[in-house]
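Positions are given from 1 along the sequence. Hydrogens, waters and symmetry mates play no part in the numbers below; they use all other heavy atoms, side chains included. Just so it is clear, the structure is predicted and the values come from calculations on it, not from any experiment.
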Amino acid sequence: MSQRGSNTPFLSNSTRAKMVEHLPFFRWLKASTSKTLVADFLAALTGLVVVLPQGVAYALIAGVPPEYGLYTAIIVPIVTALFGSSWHLISGPAAAISIVVLSVASSVAESTQTDFISAVLLLTFLVGLIQFGLGIARLGILVNFISHTVVIGFTAGAALLIATSQFKYVMGVSLESGLSFLETWDQLFHSLPQLNLYDLAIAASTVFCALIAKRLKSPIPPMLLGMLGGIAVCFFIQGTAHDVRMVGAMPSGLPAFNIPNWSQEMVSALLPGAMALAILGLVEAVSISRAIAIKSGQRIDGNQEFIGQGLANMLGSFFSCHAASGSFTRSGVNYDAGAKTPLAAIFTACLLVLVLWFVPNITAFLPLSAMGGAIMLIAWNLIDTKHIHHIFKRNRQESIVLLVTFFATLFMALEFAIYLGVLVSLLMYLKRTSQPRVMDVAPKQYTPSIDLRSVERFDLEELENLKIIRIDGSIFFGAVNHIQKEIQRRQKANTHLKHILIHGPGINFIDLSGAEMLEREAHRLEEEGCSLYFCALKNTVMDEIRDSGLMESIGEKRFFSTADDALTLLNSNEQT
């Protein structure tokens, strides 16, 4: 065999590139070294301490047994580590996602816990299927249609719902299931005579210990220290003897393989919520990935992230996992702890397996009131007060979007609250783009070139018989009525007007409706003794004008490359 033949690789370069593209774990496995393995394992130890209390807490928020949260923290991170795009994102149970899971599943499930869990697992599969489909179709751009303001408003509302759902544990009272936000508060108020002061003391101790740990910048997660403080107070005051309820021990070992119960009726009922939950999960995962990538310098592939999240949720539904997404807290801890590759997430999941296998009783002595206090802290941290204050202070339209989304989250089904927030934000955007700024401009100076500025701002004198209009925005079907009215208003205000010049560097595109409106206005003005001209249009806009037939209809002589050319010709025509 020739030397050349012996060196021929088994796989071609193009085949290898496709494998790396669709199986991203090849890339980071190749980059792993003994040094990165040590760093990833140490980061995993830190991640284990964080995920233990969070996994249990988020399971309770979702309304499923606590072990389901830990199952989610095992299966989902492994799959997203293998098939996701980010090297530092840690996926698994998340607070906002969990409250939506509870809302969607409880709206369609029967009264028994078995039916509810069946709905949760089917919902999880549908969420993953939608996410995977969006990734395969390369529709990662969809997350851009959910504005940051919608996410902030929804998360703030979800935080209030989460805190409200925990008051029954903090107060040590029993409430009916399936209550709305207002109904819950009504029953809490009427349950005040049954308040268990022991539960209240344990919850308060948990919050106090966590806040002190955070203030002292403890290397141990404040939430974990808060729970330990709650357990200690419960033991000291003998809480179990005073009707303080415990989370209870978890089953030992790994979850069994189960196929979610399918029915056409259940799928149809869950599908609207699954779509909203899928989009929300993708927004969180991609946003967190990009935020950490700014620090790490990594490039994030949104479509691959969709595929990773989708596969994780689909596979997780067969192993008692509820719908999951990226976790900002655990991802940030993972990066700050020095993780180098996604092996850190896999190591954390493996360590969690050992915990479930050998010490499943770890939650047996954890009071529900301590967990409730910790979850309230989680809810408070979800509220982005800094950005909310900035939005209210700076932007009226964004403030409306935030308030609509926030109150819809409290008083509507959560999946429809997301849809409403997106709809309102899009309507606000369409309203703004349908009314582009149209202002009068005039030359501020003539040398070395004509400088057109706002007449009102710079108190400029306009040229006789000539009106120069600058349009900042696209001339499309939604804006034609506004622009047409602005042109007609200026013409009616000056009966001696002979020329209208549209200065167009701020025009991004002109669609067919816009071209037809300009054609009609040009012919109408011509009949009334006034001419319409254009200058300084972008090359792409000029291409659209040619393709639409506008240039052929009103004449190529009406278009000028620069304002200098237009004003030079129009002034010479006036003088002659």
Side-chain H-bond candidate by donor/acceptor type, Thr80 with Gln309, under 3.5 Å =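 There is no such pair between these side chains.
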For residues Trp185 and Thr164, is any side-chain donor paired with an opposing acceptor at under 3.5 Å?
-> yes
Between NE2 of His390 and OG1 of Thr385, what distance do you get to the nearest 0.5 Å?
-> 13.5 Å
d(Ile378 CD1, Asn381 CG) to nearest 0.5 Å is 8.0 Å
Test item: [X] side-chain N/O and [Y] main-chain N/O as donor-acceptor pair under 3.5 Å:
| X | Y | result |
| --- | --- | --- |
| Ser85 | Asp301 | yes |
| Thr124 | Ala323 | yes |
| Thr36 | Ser32 | no |

Does atom [atom1] ([X]) have a neighbourhood of more than 12 heavy atoms from anything else shown, all under 6.0 Å?
| X | atom1 | result |
| --- | --- | --- |
| Tyr419 | OH | yes |
| Phe257 | CZ | yes |
| Gln194 | CD | yes |
| Phe41 | CZ | no |
| Ile259 | CD1 | no |

Determine, using ring centers only, whether Phe365 and Phe235 are less than 6.0 Å apart.
->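 So the answer is no for these two rings.
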Are His322 and Tyr68 near enough that their ring centres are under 6.0 Å apart?
->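 Not under 6.0 Å, so no.
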Side-chain heavy atoms of Leu161 within contact of Leu414, under 4.5 Å =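 Sidechains of Leu414 and Leu161: in contact.
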Taken in chain and number order and not counting sequence neighbours, the residues that satisfy ring pair (Phe, Tyr, Trp, His ring centres under 6.0 Å) with Phe132 are none
List in chain and number order the residues that pass ring pair (Phe, Tyr, Trp, His ring centres under 6.0 Å) with Tyr198, two or more places apart in sequence or in another chain; answer none if no residue qualifies.
->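 Once residues adjacent in sequence are excluded, the partners of Tyr198 under the ring pair (Phe, Tyr, Trp, His ring centres under 6.0 Å) criterion are His242.
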Identify the two heavy atoms, one from Ile61 and one from Gln166, that lie closest to each other, and give their separation to 0.1 Å.
-> CG1-NE2, 4.4 Å
